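Everything below concerns the one structure shown next.
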Amino acid sequence: MDQRAPAPIARSLFAFAIFYGGMVCIAGVLGNKQVALGPLAVEAGIFAFLLLVVTSSAIAELHGRHVANRLVQIGFIPLIVSLLLTLAVLAVPASPAMEPARLDAFEMMMTGTPRIWMGGIVAYGTSQTLNVTIFAALKGREGGRLLWLRAAVASVLSQIVDTLLFVTIAFWGVFPIGELLLGQMLAKVVLSIVLVPPLIYAFVALGRRLDR
């Protein structure tokens, strides 16, 4: 029998994986609020999704494309379990002591159509995998240089795909989606350019410090 101890997990990978799982679960909840960013309106879940992009890119930078893609795949577990748990909680009768207004607000926030849930799952898997793929491919060409540019390009392209998939799957045929697509993509592109580059430097620096 092989008695060798399992290989230790890098502290940065352990910490970032926990953080990643939390962002996967909270993104859909935050998406219930529309926030105004100057003239742009965007669902607040984008902030959690941008942190997913930053985290997966940082792991690709520190531990390679294969590990980052595995993290994206494992991310389906908390995403799907949180959806199933939401359905279970909604199905359980509420306590008579719960205020009706609070119950109505909870059900309004947590109830989604199957198309919205499916759109979120498909958009998550596709866009996050695309982000890691583009980031790793650019690293192969540029080496360790231009981290900010690699992160921004990968984030912009993956977020455009995320918006196209989610909005189309969730709302096609329900109402005209042209303006929604344009507004969401514009907002995500701007946020990807402004927020992702400094955050990726911070995450990579933190990961290297954790691994010392």
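Nothing here was measured: the structure is a model prediction, and the numbers come from that model.
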**Prompt:** Say you draw a straight line from CD1 of Ile134 to OG1 of Thr129; how long is it, rounded to the nearest 0.5 Å?
**Reply:** 11.0 Å
**Prompt:** Are Ile121 and Leu83 close enough that some pair of their side-chain heavy atoms sits under 4.5 Å apart?
**Reply:** yes
**Request:** Please check if the side chain of Asp211 supplies one atom and the backbone of Ala10 the other of a donor-acceptor pair under 3.5 Å.
**Result:** no
**Request:** Establish whether Val122 and Ile77 are linked, either directly or via other cluster members, by ILVMFWY side-chain heavy-atom contacts under 4.5 Å.
**Result:** no
**Asked** Is the backbone N or O of Glu61 less than 3.5 Å from a side-chain atom of Lys139, with the two atoms forming a donor-acceptor pair by type?
**Response** yes
**Message:** Once rounded to the nearest 0.5 Å, what's the spacing between atom OG1 of Thr55 and atom CG of Asn131?
**Reply:** 10.0 Å
**Request:** Keeping the roles fixed (side chain from Arg11, backbone from Leu210), state whether a donor-acceptor pair exists under 3.5 Å.
**Result:** yes
**Message:** Any non-hydrogen side-chain atom of Phe135 less than 4.5 Å from a side-chain atom of Leu147?
**Reply:** yes
**Message:** Closer than 3.5 angstrom, by distance alone: can the side chain of Ser82 be matched with the main-chain N or O of Leu79 as a donor-acceptor pair?
**Reply:** yes
**Asked** How about Leu51 and Phe203: do any of their side-chain heavy atoms sit closer than 4.5 Å?
**Response** yes
**Message:** Give me the atom names and distance for the closest heavy-atom approach of Pro197 to Ser192.
**Reply:** CD-O, 3.3 Å
**Prompt:** Under 3.5 Å, is there a donor-acceptor pair between the side chain of Ser56 and the main chain of Val53?
**Reply:** yes
**Message:** Working to the nearest 0.5 angstrom, can you tell me the gap between Ser57 OG and Arg150 CZ?
**Reply:** 9.0 Å
**Message:** Pair Met185, Leu164 - check side-chain contact (heavy atoms from CB on, under 4.5 Å), show working.
**Reply:** CA-CA 8 Å; Met185 284 192 289; Leu164 284 170; 4.2 Å; yes
**Asked** Should Met118 and Leu165 be regarded as members of a common hydrophobic cluster, given that ILVMFWY residues are connected when their side-chain heavy atoms come within less than 4.5 Å of each other, either directly or indirectly?
**Response** yes
**Prompt:** Judged by atom type as modelled, is there a donor-acceptor pair below 3.5 Å linking the side chain of Ser155 to the main-chain atoms of Ala151?
**Reply:** no
**Request:** Indicate, with yes or no, if Leu182 and Trp172 share a hydrophobic cluster defined by side-chain heavy-atom contacts under 4.5 Å among Ile, Leu, Val, Met, Phe, Trp and Tyr.
**Result:** no
**Prompt:** Looking at side-chain heavy atoms only, is the closest gap between Arg65 and Val132 below 4.5 Å?
**Reply:** yes
**Prompt:** How far apart are the closest heavy atoms of Arg102 and Met98, and which atoms are they?
**Reply:** CG-CE, 3.7 Å
**Prompt:** Would a 4.5 Å heavy-atom cut-off, applied to side chains only, mark Val161 and Leu157 as touching?
**Reply:** no
**Request:** Please check if Leu146 and Leu199 belong to a single hydrophobic cluster, counting links between Ile, Leu, Val, Met, Phe, Trp and Tyr side chain heavy atoms closer than 4.5 Å.
**Result:** yes
**Request:** State whether the number of non-hydrogen atoms from other residues, nucleotides or ligands found under 6.0 Å of Phe76 atom CZ is greater than 12.
**Result:** yes
**Prompt:** Can you check whether Phe16 reaches Leu71 side chain to side chain, under 4.5 Å on heavy atoms?
**Reply:** no
**Fill in**
For Val72 and Gly125 the tightest heavy-atom approach is CG1-O, 4.4 Å
**Request:** Please round to the nearest 0.5 Å and tell me the distance separating atom CG of Leu195 and atom CG of Leu50.
**Result:** 6.5 Å
**Item:** Derivation and outcome, side-chain contact (heavy atoms from CB on, under 4.5 Å), residues Ile160 and Lys188
**Value:** CA-CA 7 Å; Ile160 289 174; Lys188 290 181 178 182; over 6 Å; no
**Message:** Measuring from atom CD1 of Ile193 to atom CH2 of Trp148, what distance do you get when rounded to the nearest 0.5 angstrom?
**Reply:** 10.0 Å
**Message:** Return the CE to CG distance between Met108 and Leu103, rounded to the nearest 0.5 Å.
**Reply:** 11.0 Å
**Prompt:** Mind checking whether Val189 and Gln159 have side chains closer than 4.5 Å, heavy atoms only?
**Reply:** no
**Prompt:** Quick one: does Ile59's side chain get under 4.5 Å of Tyr20's, heavy atoms only?
**Reply:** no
**Message:** Are Leu206 and Ile18 linked, directly or through intermediate hydrophobic residues, by side-chain heavy-atom contacts shorter than 4.5 Å (ILVMFWY only)?
**Reply:** yes
**Request:** Check whether the ring centres of Tyr124 and Phe49 lie less than 6.0 Å apart, and answer yes or no.
**Result:** no
